[in-house]
Amino acid sequence: MSASGCASSFRSSRTLIAGLVLGAALAVNGAHAARGDSVQAARYHEDAVARLARNDVSGAIIQARNAVQKDSGLLAAHLLLGKALLRDGQAAAAEAEFEIALRLGASMAEVAQPYGTALMMFGNSEKILARIKPDGLAPAARAEVLAMRATAHADQGDTKAAWRAVEEAKAADPRSLAPLRAEIDLALRTRDTPRARKALDAATALAPRDAQLLHLQGVLQQSAGNVRAALDYFAQALKADPRLLDSMVARASLLIDLQRPDEAMPDLERAGGLSQREPRVAYLKSLIYAARGDTRASRAQLEEVTRLVDALPDTFLASQPPLLMLGGLASQATGRLERARALLELYVLRLPDDPAGRKLLAGIYLSSGDTARVGDLLEPMLRSGDADPQVLTTLAALRMQQRRYRDAAEALERAARLTGGDPGITAQMGFARLAGQQADLGLAALRSAFDKEPAQLKVAAALVTLYLRRDDLRNATAVADTLLRHLPGDAAAHNISGAVKAAAHRRADARSAYLKALALQPGLVPARLNLARLDVAEGRLDEARQRLAALLREEPGNVQALTEMARLESHAGRPAAALPLLEKAQALVPGDTASGLELLAVHQRLGQPGAALGLAQKLVLVRPDDPTVIEALGRAYLAVGEGTQARAAFANLARMVGPEPRQLVAVGQLQLSAGAANDAGASAEKALAAKPGFPPALSLQVEAEILAGNLPRAEALQRQLLARGGSGVDALRLAGDIALVRQRAAEAMRLYQAAFDKAPSTALALRGFNAAFHAGEGGRGVAMLEGWLRRQPDALQAQAALAEGYLRLGQLPQARAAYEALLVRDPQNATAANNLAQVLMRLNDAGALPMAERAARLAPADANALDTLGWLQARSGALDISLKTLREARLRAPESRDVRYHLAWVLHRTGRRDEARNELAAALNARGVFESQAEAEVLRRELGV
């Protein structure tokens, strides 16, 4: 619904009636009483009358209240107070005063019109019909009351009774405007524009300079598309009544539609000064601020709309379709989808034939996943032939959500034809093609949309992203340059240009582009974030931190800035500092993918796999169709040893990626890591069906057969891969994997070395290291890693393996030096800190306990770190605290034989012999690695187990 649609239809004729009454002069005769209070009450009342006459509504309310406080039976004061409150918009309070006036004996003829207006302001149509009767009233008053009752009947859905009341009102006083106003309102409700025009002409003949009637003329001209005439009528209405808020709002709305927002703002400022409780003004201001790029101010106005609408009684809202629409739009824009849904459902219930309400509500159902109801709303429009482009695009969005991407693309193609190839719809079609794994068609559609309308920022940004993913810098640069030529003064265009230059490693040019963007729009968040990312890439961490901190001071709830600051801290080796930033981001926007995935990584780095899994499960509930989230869930399951669930997640991921070969191979590798050999093989076969002979898929096939234990088949496939030529690195690596499984470790080591010589990498160095230890030649494995680290000193995974190699060879001083060097480069590495603590313990170094405490701080949920700390605490004589630590380690890793032995030892030393026997027996009877076997045997003899 357009802004003009909201504004022009916001108030019905009931508001027009109220405006006339509230503008009329009030004549109230004060009664003089003998008592002093009565005299004072009369003076207060007379002052209130004078104040209301000169439009001092607040002063009139104060003085009228003073009057009724002095003399609660002063009928005139209660009636005056009710009218003043009504003029101030306090309908409920006004209603109460009118009811007091009636109890004090006021004639219904005197009270009916303002009392009915107060009831109408809150949509209390039932009470109007029950209390406000036309019987016995003079013709003019009878016409007014019947007109009110017509509106009340319409609110109740009884259109026949409403029309009868209109005709009775016109008969009661043919010169009264009230019946004609009610007729206009009813005709507009029933979409009978000719009757509305006829009634308006009749009313205008009676009162040609009436401001409200001139305003309605403008509304009808606007609905007919006569913009100039509409603006002229709104100007005439405001000349007749400079305080006519409806015309201010309608003119502002029309000016916004005409892309003249600066001309609209003065009307909105005046309207806001007249009424502090006007949601239309706030909504239209939000549109202007949004057009100016001031998202914060726009959102503040939208929130004001929701506050004002929410403050209205439900009974009133239910009878006001324009208010329902306005509240629904604002609630949707501020993310309050449940509220938007409730309001728009009432709107559609009241106006079932209005396509605007159906389309908006369909969009909300779509966003909430209620796909069946989307179809219910749109199918009647499709069947009736009213499927305009908006209906088709909403239907396309539904098909996208259902993962029926090609159906979505077809709906968008139909919409594009209806619009003559609208570039925006063509772009949406491109996105649908991409989602349907029609990459070339999708890219072509996006490029077509961009070529037709090169000033489309969103399309340009999408194209640039797609080209950069394909390493197609030439086309990415062409799009960015074209965009900049068409929008030389647009900050976002310069920001996109900077992103392309950064991808081309032209960092100085990228920085210049980002700075130009900020010169044009100092608050542009994407450019500020990109500058911070560039600072990080150049190692200027302090500058990046300052930029992000400044942004967060301005916008403490900016989730992107919080996420980038967290990434910076992780990059600086401070994941513990990143943790609260990401937790705040998730609290602000639960389910946000970027901050959620970053938080997952931080949990895993801090040794908190349970927390990582819990977060992944929450993210999936919010984004069940996001492949990155599904992958994160599978990895999180793996980290806690839940292989079955991990395999299920990766199987789901394989279905989501479709036939794209590279993605299928990536999923297959994940399936291998989860032990799903058959699933990985199936992914390889799908990739090969899409791209025969694809080497990565052939390699995956071999790995799947090795994992399945089908070594002859693996060897046959490996030979096929070798026969295809190329560098042969993968074939050599796979031959090494097969040899290792066949327990021919020396042969595996030789094959890995040959592959490493052809294409050195950390992965091959680690494979050779592992094979060397299997072959009993750990020294050669250590030497291989030492050589590789001299070439690649930043290979932290190799550094960690080297430290472990020294430890396995019993070279404790070298292991200590290696772990210390690793912790200098990666201070938050809990595993390295724990291993160093164990090395120091074997060296009888006093630094062992503080290092173990550090490891436990870094990974407070890690059983290994807790075991090391608890054992060192026990060895230092702190048995009580060590017992607490080891019990926690035991609960986290009951399968660990060493943990249970350590706990048994401490239990024995603290006099808990029976519990110690149970723990020791469990340790001795279990299977698996048991480094403390010899010590456990000594303890068994002591305990008599």
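- Within the structure, the salt bridge (charged side-chain N to carboxylate O under 4.0 Å, His left out) test picks out the following pairs touching residues 515-531 (sequence neighbours left out): R528-E554.
- Inter-residue side-chain proximity for V227 and L258 is flagged as met; some heavy-atom pair is nearer than 4.5 Å.
- In this structure, the side chains of E345 and Y365 come closer than 4.5 Å at one or more pairs of heavy atoms.
- Q221 is not listed as a side-chain neighbour of D232, based on a closest heavy-atom distance of 4.5 Å or more.
- In this structure, L597 and L600 have side chains that are in contact, with non-hydrogen atoms separated by less than 4.5 Å.
- Side-chain contact between M265 and K285 is present, with heavy atoms from C-beta onward closer than 4.5 Å.
- In this structure, the side chains of L329 and M325 come closer than 4.5 Å at one or more pairs of heavy atoms.
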Practice item. Report the C-alpha separation of L324 and L344 in whole Å, then their side-chain angles, then the decisive distance to 0.1 Å, and conclude whether the side-chain contact (heavy atoms from CB on, under 4.5 Å) test is met. Key: CA-CA 6 Å; L324 293 170; L344 290 170; over 6 Å; no
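- Side-chain polar atoms of S595 and Q586 form a donor-acceptor pair below 3.5 angstrom.
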Check your understanding: salt bridge (Lys or Arg N to Asp or Glu O under 4.0 Å) between E538 and R533: does it pass, once the steps are laid out?
Key -> CA-CA 9 Å; E538 294 178 346; R533 294 182 186 113; over 6 Å; no
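- Between the CG atom in N558 and the CG atom in L588 there is a gap of 9.5 Å [rounded to 0.5 Å].
- Atom CG of N475 sits about 9.0 Å away from atom CG of L463, to the nearest 0.5 Å.
- Rounded to the nearest 0.5 Å, atoms CZ (R228) and CD (Q222) are 15.5 Å apart.
- Ionic pairing of R292 and D262 is present here: one or more N-O contacts between side-chain nitrogen and carboxylate oxygen are shorter than 4.0 angstrom.
- Closest non-hydrogen pair, P261 versus I288, comes out as O-CD1, 3.7 Å.
- Summarising the geometry, atom CZ belonging to R336 is positioned 12.5 Å from atom CD belonging to Q332; distances are rounded to the nearest 0.5 Å.
- Side-chain contact of S331 with R339: a donor-acceptor pair under 3.5 Å is absent, judged by distance alone.
- In this structure, R251 contributes its side chain and A264 its backbone to no donor-acceptor pair below 3.5 Å.
- Side chains of R280 and D246 form a contact here, defined as non-hydrogen atoms less than 4.5 Å apart.
- Separating the CG atom in D192 from the CZ atom in R197 is a distance of 11.5 Å, to the nearest 0.5 Å.
- Without hydrogens or angle criteria, N226 side chain to A229 main chain gives no donor-acceptor distance under 3.5 Å.
- Judged purely by atom type and a 3.5 angstrom limit, S286 uses its side chain to pair as donor or acceptor with the backbone of Y283.
- The shortest non-hydrogen separation linking H215 to S247 is ND1-OG, 2.9 Å.
- In this structure the side chain of F450 reaches within 4.5 angstrom of the side chain of T482, judged on heavy atoms.
- A donor-acceptor pair under 3.5 Å is absent between the side-chain atoms of E631 and the main chain of F650, judged by distance alone.
- With sequence neighbours left out, E555 forms a salt bridge (charged side-chain N to carboxylate O under 4.0 Å, His left out) with no residue at all.
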